[in-house]
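Beneath this line is the structure, given in C-alpha cells, with notes to follow.
Order of the sequence lines sets the chain letters (A, B, ...), proteins ahead of strands, with each chain counted from 1. A quick note: this is a predicted structure, and the numbers were derived from the prediction, not measured.
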Amino acid sequence: MTIGAPLGKDLVGLEHLTADQIQLILDTAEPFKEVSERPIKKVPPLRGKTIVNLFFEASTRTRISFEFAEKRLSADTVNVAAQGSSVSKGETLVDTARNLEAMRIDMVVIRHPASGAAQFLAERIRSNVINAGDGKHEHPTQGLLDLLTLRDRFGAIKGLKVAICGDVLHSRVARSNIWGLLKLGAEVAACGPATLLPRGLADLGVTILPRIEDAIGWANALNVLRLQLERMESGFVPSLREYNRIFGVTRDRLARAPNDLVILHPGPMNRGVEIDSDVADGPHSVILPQVTNGVAVRMAVLYLLAGGAPDWRALGGEER
Amino acid sequence: MNPFLITGARVIDPSRNTDGIADVLVVEGRIDAVGRNVSAEAQVRRIDGSGMVVAPGLIDLHVHLREPGQEHMETIATGAAAAVAGGFTGICPMPNTDPVIDNQAAVGFVVRQAIRAGTARVYPIGCISLGQKGQQLAEFGEMVGAGAVAVSDDGKPVVSSQLMRTALEYALTFGIPVADHCEDPTLSAGGAMHEGIVATRLGLKGIPAAAEEIMVARDIILAELTGGHVHLCHRSTRGSVALIRRAKETGVRVTAEATPHHFSLTHDACEGYNTNAKMNPPLREDADREAIRQGLRDGTLDCIASDHAPHHYDTKQREFDEAPNGIVGLETALGVGIRDLVTPGLMTLPELIARMSTIPARIFRLPGGTLAVGAPADLCMFDPTRRWEVRAGDLHSKSANSPYLGETLIGQTVLTAVGGRIVFERGVSKTDA
C-alpha cells in the first residue's frame, strides 16, 4: 500500500477493498471525529480542491454529511441536483462526466439510481469518484460508518454477529455492510421475508435467518433496513402493517435481548414499520452516533483519496 | 458471373455426409463438380484451397438488420455484408423493425433491399401479430407470398396462449414454423441480467430461468395440441434443454436454436457492468452453458443462430439498466463455434457446419446447406485454424457491440460465394492460370 493512493483513485464499493484498506479508513476517521467537536470546525487538507456533489436521486442526510465533510476539510464544493440540470434535458451520464472533466474538478461524489453508475463515471474521468449510493449496488460510506459505529461500541469487528434485517434485495446499504463486515471478520446474517432476500446470499457467506426473533436471539447487532412504501405497492409484502407485525423490531421482541445488543438504522426510518419508535429512541439504538460518524468517515475517505497520508497530522492539520 | 475452381480444400458437405480433400468447380452460378482432380478450362480462375475448408454457406435463422427505422445501427446492406464476411450466405431477419414487418408490402421491401445489396440471401420473417401487439394475427399467407419464410414476434414473447395456439394452427396451411422468443414478462419485468449471484453482487434485477422455461413448456404443449411446428429461439437455460429433449422424445414438432454467446459465455461476462454482455435472454450460469453445449451436441438444440443485434455505441455506453439488449454476432459465430465447440472436442467440424448450415436450411425449408452438384453455389471457404483477434474496426457490421472484442477466436472466413458470385474475399491466395 503506497502512501499517496492508499485506496486507489476511487471509492465505488467495499467489495474490492482489502481488510487493511477498510481498517485504514476507520483509523483515519478517528482523529477527524474530534474536528467536528471543535468550535471552529475546519482543517486545511483539501484547501484548493474542488468537489462536485452530483445527486441524481433525492438525498438529505448523505448529501449534507458529504458537504460538511468537504467543508470541514476546506474544499470548495458545488452541489448538482439532477432536477433542474442538463440531465433533465436528456444529457447522458457520459456527457455529464465529460463536462465535469472539462471543468477540471478534483473529486465527484455521485448518488445515482442505476447500479454501476459510480463505476461508469470512475472509468471515464480522471477525478476521484466517491460512490454515495448507486442503485441497489453499494453505498460504501454508509457501510464504513456502520463499521465505525460498531467498532466504537464493541472495540473490534472481528467475531461480531451482525444481522441485516429487512429489504436486502433492494438495499445498497446491505451489500456494503455485507462486504465490510465479512472482510473484517464478523459473522453476517440476513433476516427478512424471502421475497426481499436476493438469490445467492448464502454463497457470499451470509446466513439466512427467516424470523426476526431468530435474528434478535443470535446477533450482537441488528442493522435494520428501511422498508420503502413502493415495495408494498409492487407486491413484495402484502402490507406495512403485517410487515411490522411479523418482521418489525419492537420493544416486546427486544424484551429478552441482552443489554448490549446494538441497533443500527441507515435512515430515514419508517417508525412503526421496520422499527418501533421506542426502539429507535431507546437504549439499544446507535442511530444518531451513526450520523455523527458519517461525517468523520467521509472526511477520512475524501482525505485519503486526495492523497493524504494515513496520519493526517503529518500534512499540517491544525491541533486545537 | 465468372466460373472458379477451388483446388485441394477440405470439402465438408453435411447434406451428403461427405468430408475429404477435393476440388470444387463453380460454373454459371451452380456447383458444377466436386471431386479429385476436377478439370476446368484454362481461363477459369483457380483458388488455392489447401489448408482451407469449403462448406455450404452458413445460414442464420435469427438476425436483426434494423432496417427500416434504425439505419444508424445497421442496414440490410451492412448486415448482409457482415453476414458474408462471417461465411453466411443466407440470413433471416426478424420483423421487429420500425415499422414492423407485418404485411406483404413490408416483406417485399426487405426482399428488395436485399436484392439491391446483392450479397447474402435475405429471407424475411414476418410478424405473428399485427404491429407485434400480441392481439390480431398478421396475414401469414400474404407475407409468405411476398417472401416470408417464418413468423415471429421476436423481441417480444407471445404472451397470449390463445394467440400462440392460433398462430401454430394457421401456420400449418403455409408450412411455415412459428418462432417464439420464450419469456414470461411478468417474471422478467425490469430484469437486466440473469438472476443469480452476479446480479445480487452487482445490485441488478435478475431474470429467472423460469421466465424462459415456463414459455418453453407452454409452446411445447401448444405444438403438441395443434400439430404445428414451433421453433424456439435462442434457448439459454438447462431447464429449457431438458424440456425440449423430452418433447422431442414424444414426437412434438419442436425445433430450437442456441446462440454462440449462450454456449460460450456466462453471467460472469456482465462483471464491471459490461453492457456488451447484456442481452435477452441473458447469459446464464456455468451449468446452463454446459447444458446448451450438450444440447447442441446431441441434437436437442438443432441449430446455431447468432441473434445478431446491432446497437449504436451511444446506447451501449449507458448505465447497465438503461442499455439495450443484444450483441452483434454474424462475424464471430463461426470463430466462436470452432473455438468453443470443435477445439475442445464437443463436436466435429462437420457437425458444427451441419448446425450452422444444413440443419437450419431444413428447419425453415430454405434452399442451401448443400454442395450437391447442380445446387446454387452458396458456399464459404474458411481457414479452420486461423487465430484472429476481434477488433471493432475490422467488423463489417455498422455496429461493434460485441462481448468478444479483444478476444482471440479460431477459424475465419476467407471467401464467400452466393449463387456462384464471390461476394466476399479476405486475402485469398490466387493461383490464376
Requested in this report: Might you work through the side chain to side chain contact (heavy atoms under 4.5 Å, CB included) test for Leu93(A) and Arg318(B), ending with a clear yes or no?
Outcome: CA-CA 7 Å; Leu93(A) 187 54; Arg318(B) 294 292 304 270; over 6 Å; no

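- Within 6.0 Å of atom CZ in Arg63(A), more than 12 heavy atoms from other residues, nucleotides or ligands are found, so the atom counts as buried in its surroundings.
- Looking at His112(A), only its side chain comes within 4.5 Å of chain B, counting heavy atoms on both sides.
- The neighbour count for Lys133(B) NZ, taken as heavy atoms of other residues, nucleotides or ligands under 6.0 Å away, does not exceed 12.
- With contacts defined as side-chain heavy-atom distances shorter than 4.5 Å, the pair Arg201(B)/Trp179(A) qualifies.
- Between Asp314(B) and Thr92(A) the shortest side-chain heavy-atom distance does not fall below 4.5 Å.
- For a residue to count as touching a neighbouring chain, one of its non-hydrogen atoms must lie under 4.5 Å from one of that chain's; by this rule Arg124(A) touches chain B with the side chain only.
- In terms of non-hydrogen atom pairs under 4.5 Å with chain B, the most contact-rich of Arg175(A), Arg172(A), Glu138(A) is Arg175(A).
- Of the two parts of Ile178(A), neither the backbone nor the side chain holds a non-hydrogen atom closer than 4.5 Å to a non-hydrogen atom of chain B.
- Between atom NZ of residue Lys136(A) and atom CG of residue Leu202(B) there is a gap of 11.0 Å, rounded to the nearest 0.5 Å.
- The shortest heavy-atom contact between Pro198(A) and Thr200(B) is CB-OG1, 3.6 Å.
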Query raised in the report: Between Ser115(A) and Tyr273(B), is a side chain to side chain contact (heavy atoms under 4.5 Å, CB included) present by the stated rule, with each step listed?
Result: CA-CA 8 Å; Ser115(A) 299; Tyr273(B) 301 94; 4.0 Å; yes

